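Accompanying notes for the structure given below.
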Amino acid sequence: MLYIGVDLGTSAVKLLLMAADGKIEKVVSKEYPLCFPHPGWSEQNPEDWWEAVTEGLKELTADCDKSQVAGIGFGGQMHGLVILDEKDEVIRPAILWNDGRTTKETDYLNQVIGKENLSKYTANIAFAGFTAPKILWVKENEPENFAKIRKIMLPKDYIAYRLSGTFCTDVSDASGMLLFDVEHKRWSEEMMEICGVAREQLAEIYESADVVGTLKPEIAALTGLPESVKVIAGAGDNAAAAVGTGTVGDGRCNISLGTSGTIFISSDKFGVDGNNALHAFDHADGHYHLMGCMLSAASCNKWWMEDIVGTSDYGKEQEDIHGLGENTVYFLPYLMGERSPLNDPYARGTFIGLTMDSTRADMTQAVLEGVAFAIRDSFEVARSLGIHIERSKICGGGAKSPLWRKIIANVLNIKIDRIESEEGPGYGGAMLAAVGCGEYASVEEAAGKLVKIIDTIEPEPELAAKYEEKYRKFAKIYPTVKELFRQL
C-alpha cells in the first residue's frame with residue numbers, strides 16, 4: 001500500500017508518497033504567499049493552503065496506482081489561528097505561529113492570570129505565537145469577527161476538515177494552543193473560560209496516528225483518490241518531524257533547522273522545567289516531549305543569503321568559511337523576536353563584533369553560529385533538568401549543509417546523526433498514516449523499521465572547547481542589549 005504525508009509549512013506545502021517499506025516514491029512541493037500586513041504580523045489565507053494541497057495531491061498521485069493509496073497523514077505548522085463561521089467559511093486570514101502582535105495579551109496571561117496558573121492548567125506559559133493569545137487579540141480588536149466564531153482550528157486540522165469533514169485535532173498540535181491540559185490530554189476548562197471559548201468551538205481530540213475519517217466523495221472526485229482513503233489526525237510539525245527522524249521513546253533528541261529551529265526531546269514521562277523555558281507537549285508516539293523553539297533558524301540564513309548578499313548559492317558562500325571557533329563576529333538570530341528560552345517578542349537580529357577587517361564570510365559564519373548558539377540556549381535548559389543527551393538526529397533544510405551540521409555538533413558537543421530521509425514532518429505524517437492504517441502496530445515500531453542513520457558527525461574536542469568559550473560570550477550579548485530592544 002501507499003501512504004501520503006502532507007507537511008503544511010510556512011512557505012510551502014510538501015507532499016510525499018511513501019511505500020509500505022518506507023521508500024519515498026515521489027515528493028511534490030507547492031508554494032503559497034506569506035503576508036506581513038504590519039511589522040511583526042504574519043498571516044496566510046487558508047484557501048491558499050487548500051488549493052496547494054489539492055493540486056499537490058493530484059500531481060503526487062498522477063503516475064501511481066491510486067487504488068493503492070491507503071491513508072493521508074499530516075505534519076503542520078503549529079499555533080496558527082484559523083476561525084470559521086456558521087457556514088464553515090474562514091472569517092479572517094490565519095494568524096501564524098511567528099506573528100508577534102499579541103504582546104499585550106501574552107503579558108496579561110503571564111502576569112495577570114499568572115505563569116504558575118497557566119503552567120498548572122496547560123503545562124506551559126504564554127508565548128506571543130501561541131493560539132490562546134491570538135484568540136484574546138481577536139476578541140479585543142475584532143469583536144465582530146470573534147462573535148462569528150463557530151470553529152477554532154489549527155492549520156493542518158483545517159486541511160483534515162476539508163478532506164474528511166471531521167472537526168479534529170491531535171494531542172501534539174493541541175498542546176501548543178495554551179488551551180489544552182497537556183498532562184491529562186483534554187481541553188482546559190479554565191483556559192476556555194479565560195479566552196471566552198465554548199467547548200463546541202474546539203475540535204475533538206485524537207492521538208496522532210488515529211483515523212479521523214475518510215475522504216469525502218467530492219474530494220475523492222476532485223483528487224482522483226478512492227473514497228476509502230483514511231485521513232489520519234497527524235501531528236504538529238515538530239512532533240511529526242520527530243516521528244520522521246525516529247525520535248520516539250524515552251530520551252531521544254532531534255534538532256530541526258527549518259524556517260524555525262527546534263530541539264526536541266522525547267520522554268515517557270510528563271515533566272515541566274521550573275521556568276517553563278521549554279515547551280512541555282504531548283508527543284505523537286502517545287507519550288510526551290520537551291521542546292525548545294527559536295522563531296528564526298534556516299530563515300536567518302535565507303534572509304542573509306538572498307535578501308542581503310543576493311545569492312541563492314548557499315554552498316558557494318560557505319566555501320569561504322575557514323577557522324571555525326575563531327570568528328570574532330557574533331549574530332543574534334532574533335529576526336522575528338524569540339520564543340525559547342527568551343520569550344521576548346521585542347528581541348531583534350543583531351551583528352556585533354564587526355571591525356574593518358571583517359569579511360562577508362565572517363558574517364555568513366556568524367549567522368550559522370548564531371543559530372547554533374541559540375539552539376544551545378534551549379539545550380542548556382534541558383541539561384539543567386538532569387537530561388543527559390549524547391547524540392541527536394538533525395533534519396530540515398538547514399541540515400543539508402555539512403558545515404552547519406559540523407558547527408552544531410561542536411557547539412553542543414554531541415554526536416549529530418543524519419538520516420536517510422530528510423523529509424522530516426512529511427515523512428512523519430506518512431509514517432503516522434501507515435500506523436493508522438495498520439501497516440505497523442505502533443509509532444515506535446514504524447520508526448524502528450523505517451528510519452536509517454547514514455552519517456554521524458562527531459564533535460572534535462579542540463573545536464568543541466573553542467565553541468564552549470565562544471558560547472559563553474554569546475550568552476552575555478542578549479542580556480546586555482535586552483532593554484535596548486524594547487526602546488527601539
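Keep in mind it's a predicted model, so treat the numbers as computed, not measured.
Ring geometry for Phe127 against Phe130 counts as tilted: the plane angle lies between 30° and 60°, on a 0 to 90° scale. Using cut-offs of 30° and 60° on the angle between ring planes, the pair Phe373 and Tyr471 is tilted. Ring geometry for Trp187 against Phe180 counts as perpendicular: the plane angle is over 60°, on a 0 to 90° scale with 30° as the lower cut.
When the side chain to side chain contact (heavy atoms under 4.5 Å, CB included) test is applied to Lys148, the partners found at least two apart in sequence or on another chain are Asp85, Ile91, Asn145. Phe270 meets the ring-ring contact (aromatic ring centres under 6.0 Å, His included) test with Tyr288; sequence neighbours excluded. For Ala94, the side chain to side chain contact (heavy atoms under 4.5 Å, CB included) partners are Pro46, Trp49, Val82, Leu96, not counting sequence neighbours. For Glu105, the side chain to side chain donor-acceptor pair (under 3.5 Å) test picks out no residue, with sequence neighbours left out. By the side chain to side chain contact (heavy atoms under 4.5 Å, CB included) test, Asp170 pairs with Lys156, Ser172, Asp173, Ser208, Ala233, Ala235, sequence neighbours left out. Applying the side chain to side chain donor-acceptor pair (under 3.5 Å) criterion to Arg405, with sequence neighbours excluded, gives no partner residue.
With 3.5 Å as the limit, one finds no donor-acceptor pair spanning the side chains of Trp97 and Thr131. Ser421 and Glu423 are not linked by any side-chain donor-acceptor pair at a separation below 3.5 angstrom, with hydrogens and angles left out of the test. Donor-acceptor pairing under 3.5 Å is recorded for the side chains of Tyr161 and Asp88. At a cut-off of 3.5 Å, with distance as the only test, a side-chain donor of His79 or Arg339 sits close to an acceptor on the other residue. Between Glu369 and Gln365, the side chains place a donor N or O and an acceptor N or O closer than 3.5 Å (distance only, hydrogens not considered). A donor-acceptor contact closer than 3.5 angstrom is absent between the side chains of Asp7 and Tyr427.
Atom NZ of Lys400 has 12 or fewer neighbouring heavy atoms from other residues, nucleotides or ligands inside a 6.0 Å radius.
Although no hydrogens or angles enter the test, the distance criterion places a donor-acceptor pair under 3.5 Å between the side chain of Asp273 and the main chain of Ala277.
A ring-centre distance under 6.0 Å is found for Phe351 and Phe331.
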Problem - Worked check of side-chain hydrogen bond (donor to acceptor under 3.5 Å, both in side chains) between Glu140 and Tyr108 - result: CA-CA 12 Å; Glu140 174 70 22; Tyr108 164 75; over 6 Å; no
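Test Ser260, Ser378, Ser256 against Cys293 for side chain to side chain contact (heavy atoms under 4.5 Å, CB included) and you get one pass: Ser260.
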